Amino acid sequence: MNRFLIKIKYGVWCVLIVCCACGGNKKKTLLDREQFTALLIDMHATDGLLSINRGFTVEKEKKNYTYYNGVFEKYGITKADFDSCMYFYASQPQLFSEIYHAVIDSLSHRVTVEERVLQKLRANDSVNYYKGPDTLVIDTFPFTYKYVVDSILPGNYKFNVMVRFDTLDAGKNNRISACFISADDKDTLKVREIRLIADTLEHRYQWSQYVDSVYNRLEIRFLEADNLPKLKFRRVMLWDITLFKPYTAPSQVNRLQANLPKDRGLERRGVKKEVFPVPYGRKIK
């Protein structure tokens, strides 16, 4: 925060220095103090403080005036008018200092407000949307457990789970599958399946998936396999199950939205209903 504000101050001074170098020697100004202060604030807010990302030189900053044309039009002035205003106020050190501090205070306030919004958004990072058992043991037929998360909101979801088989598992293609489902059950977005290593070691598995407003719930199916009906025995322990929706920057959201598959439906006529009740699996408190 402090470093950013320092850059704001530097950016303001960069523009002021250039304008003083370019301004004419006029005794009247087109904009009063309040209008001129508002114009300076708009310039830096609109341009994103050019000097933060670019090394300052007088010649380089002169070229950047093309980015301010929209701001100049808003106040009904030209670049030459702005230069004259800048020269007028810069020639009065006390008045200029007060304007300068007003600009900095306004920009600082905007940064503070944005930080508060970001902190609020990032607070959701700590919310675990999985509210099921902390530890789950699957050892009864059909050796499957389904968990449903309702009221899904648009965002990028990240799922994690620890898995350990008690014995070498005889299941074929052991996996954890998941899909996001629309409110009318006509649209589904299948998440990349997690393929499980069927040894007796502990393994952590995870996936990440962005969803938009089309979907309102998530179904996670733990430990599906191709030959479940033929299994005589299976004992699997799952724990440290989490589902977070961390804050995602707008630029990243645009990229994730663009990567959503065009044909999202697994079955456009509707989601196939389960043939087993929910839930299966023995919970350990």
Side-chain angles (χ1 to χ4, degrees), residues 128-149 152 155-182 185 187-212 214-215 217-246 248 252 255-268 271-284:
N128 187 2
Y129 287 81
Y130 174 81
K131 305 300 182 182
D134 295 333
T135 303
L136 178 68
V137 174
I138 299 178
D139 59 0
T140 56
F141 185 79
F143 308 115
T144 307
Y145 177 80
K146 183 176 78 171
Y147 184 77
V148 179
V149 183
I152 288 293
N156 189 34
Y157 289 85
K158 293 189 176 181
F159 172 79
N160 282 273
V161 62
M162 291 291 295
V163 180
R164 187 188 70 217
F165 290 91
D166 279 9
T167 60
L168 292 177
D169 190 73
K172 293 183 179 179
N173 190 21
N174 292 298
R175 60 193 182 273
I176 297 176
S177 61
C179 62
F180 292 89
I181 306 173
S182 62
D185 287 349
D187 237 326
T188 60
L189 176 63
K190 186 176 181 181
V191 180
R192 175 182 57 84
E193 289 186 336
I194 294 177
R195 305 290 174 153
L196 303 178
I197 303 173
D199 56 24
T200 57
L201 302 176
E202 299 178 358
H203 296 280
R204 177 176 294 279
Y205 301 94
Q206 59 185 352
W207 54 253
S208 176
Q209 179 64 54
Y210 176 82
V211 293
D212 54 22
V214 171
Y215 310 99
R217 74 180 188 274
L218 167 67
E219 291 187 2
I220 305 175
R221 301 170 187 174
F222 294 94
L223 301 192
E224 291 188 313
D226 293 341
N227 62 336
L228 281 178
K230 298 180 180 179
L231 294 180
K232 301 295 183 181
F233 174 78
R234 158 183 268 198
R235 181 182 171 86
V236 187
M237 181 176 292
L238 304 96
W239 70 98
D240 196 18
I241 306 171
T242 61
L243 179 69
F244 293 106
K245 187 168 73 71
T248 306
Q252 186 178 3
R255 179 180 61 81
L256 293 172
Q257 286 178 333
N259 290 334
L260 284 174
K262 295 181 180 180
D263 184 9
R264 307 181 190 183
L266 293 176
E267 294 176 322
R268 287 290 177 178
V271 178
K272 185 177 180 181
K273 302 301 181 182
E274 295 298 330
V275 297
F276 52 86
V278 178
Y280 273 101
R282 179 160 56 86
K283 304 173 185 178
I284 297 179

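Starting from 1, each residue takes its place in the sequence as its number. Bear in mind that the values here come from a model prediction, so they are computed numbers and not experimental data.
- Scanning for side-chain contact (heavy atoms from CB on, under 4.5 Å) contacts around R192 gives W207, with sequence neighbours left out.
- The side-chain heavy atoms of T144 and R234, taken from C-beta on, include no pair separated by under 4.5 Å.
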message: The test is side chain to side chain contact (heavy atoms under 4.5 Å, CB included); show your working for I194 and F159 and say whether it passes.
response: CA-CA 11 Å; I194 294 177; F159 172 79; 4.1 Å; yes

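- Nearest heavy atoms, L228 versus F141: O-CE1, 3.6 Å.
- Between I220 and I176, some side-chain heavy-atom pair lies under the 4.5 Å cut-off.
- Between G155 and K245, the closest heavy-atom pair is CA-CD, 3.9 Å.
- No side-chain heavy atom of R217 sits less than 4.5 Å from a side-chain heavy atom of F180.
- Side-chain contact between D134 and W239 is absent, with no heavy-atom pair separated by less than 4.5 Å.
- A heavy-atom distance below 4.5 Å is not found between the side chains of I181 and L218.
- Residues forming a side-chain contact (heavy atoms from CB on, under 4.5 Å) with N160 (at least two apart in sequence, or on another chain): R204, Q206, T242.
- If you check the side chains of Q257 and Y210, you find a donor sitting under 3.5 Å from an acceptor.
- In this structure, the ring of Y129 has its center less than 6.0 angstrom from the ring center of Y157.
- Taking CD of E219 as the reference point, atom NZ of K146 lies at 4.5 Å (rounded to 0.5 Å).
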- request: Let me see the working for V161 and D240 under side chain to side chain contact (heavy atoms under 4.5 Å, CB included), right down to the final yes or no.
  value: CA-CA 6 Å; V161 62; D240 196 18; over 6 Å; no

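- Between D166 and R235 a salt bridge is recorded (basic side-chain N to carboxylate O distance below 4.0 Å).
- Here the closest non-hydrogen pair linking L260 and D212 is CD1-OD2, 3.4 Å.
- Looking only at side-chain heavy atoms (C-beta outward), F222 and Y147 come within less than 4.5 Å of each other.
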message: Could you go through L238 and T135, starting from their C-alpha distance and side-chain angles, then the distance that decides it, and tell me whether this counts as side chain to side chain contact (heavy atoms under 4.5 Å, CB included)?
response: CA-CA 6 Å; L238 304 96; T135 303; over 6 Å; no

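- Taking all atoms of both residues into account, the shortest heavy-atom contact from A225 to G171 is CB-CA, 4.4 Å.
- Inspection of the S177 and E224 side chains reveals an N or O donor paired with an N or O acceptor under 3.5 Å.
- Side-chain atoms of F165 and L196, non-hydrogen and from C-beta on, do get closer than 4.5 Å to each other.
- Between the CZ atom in R175 and the CG atom in L223 there is a gap of 10.5 Å [rounded to 0.5 Å].
- To the nearest 0.5 Å, atoms NZ (K172) and CG (D226) are separated by 8.0 Å.
- In this structure, OH on Y215 lies 8.5 Å from CD on Q209, to the nearest 0.5 angstrom.
- Using a 4.5 Å heavy-atom threshold, the side chains of Y145 and L136 count as touching.
- Interatomic distance, CG of N227 versus CG of N174, reported as 8.0 Å (0.5 Å rounding).
- In the displayed structure, K131 atom NZ is contacted under 6.0 Å by more than 12 heavy atoms of other residues, nucleotides or ligands.
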- prompt: V137 and M237: side chain to side chain contact (heavy atoms under 4.5 Å, CB included), yes or no, with the steps?
  reply: CA-CA 5 Å; V137 174; M237 181 176 292; 3.9 Å; yes

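- Expressed to the nearest 0.5 Å, how far CG of N156 lies from CZ of R255 amounts to 8.5 Å.
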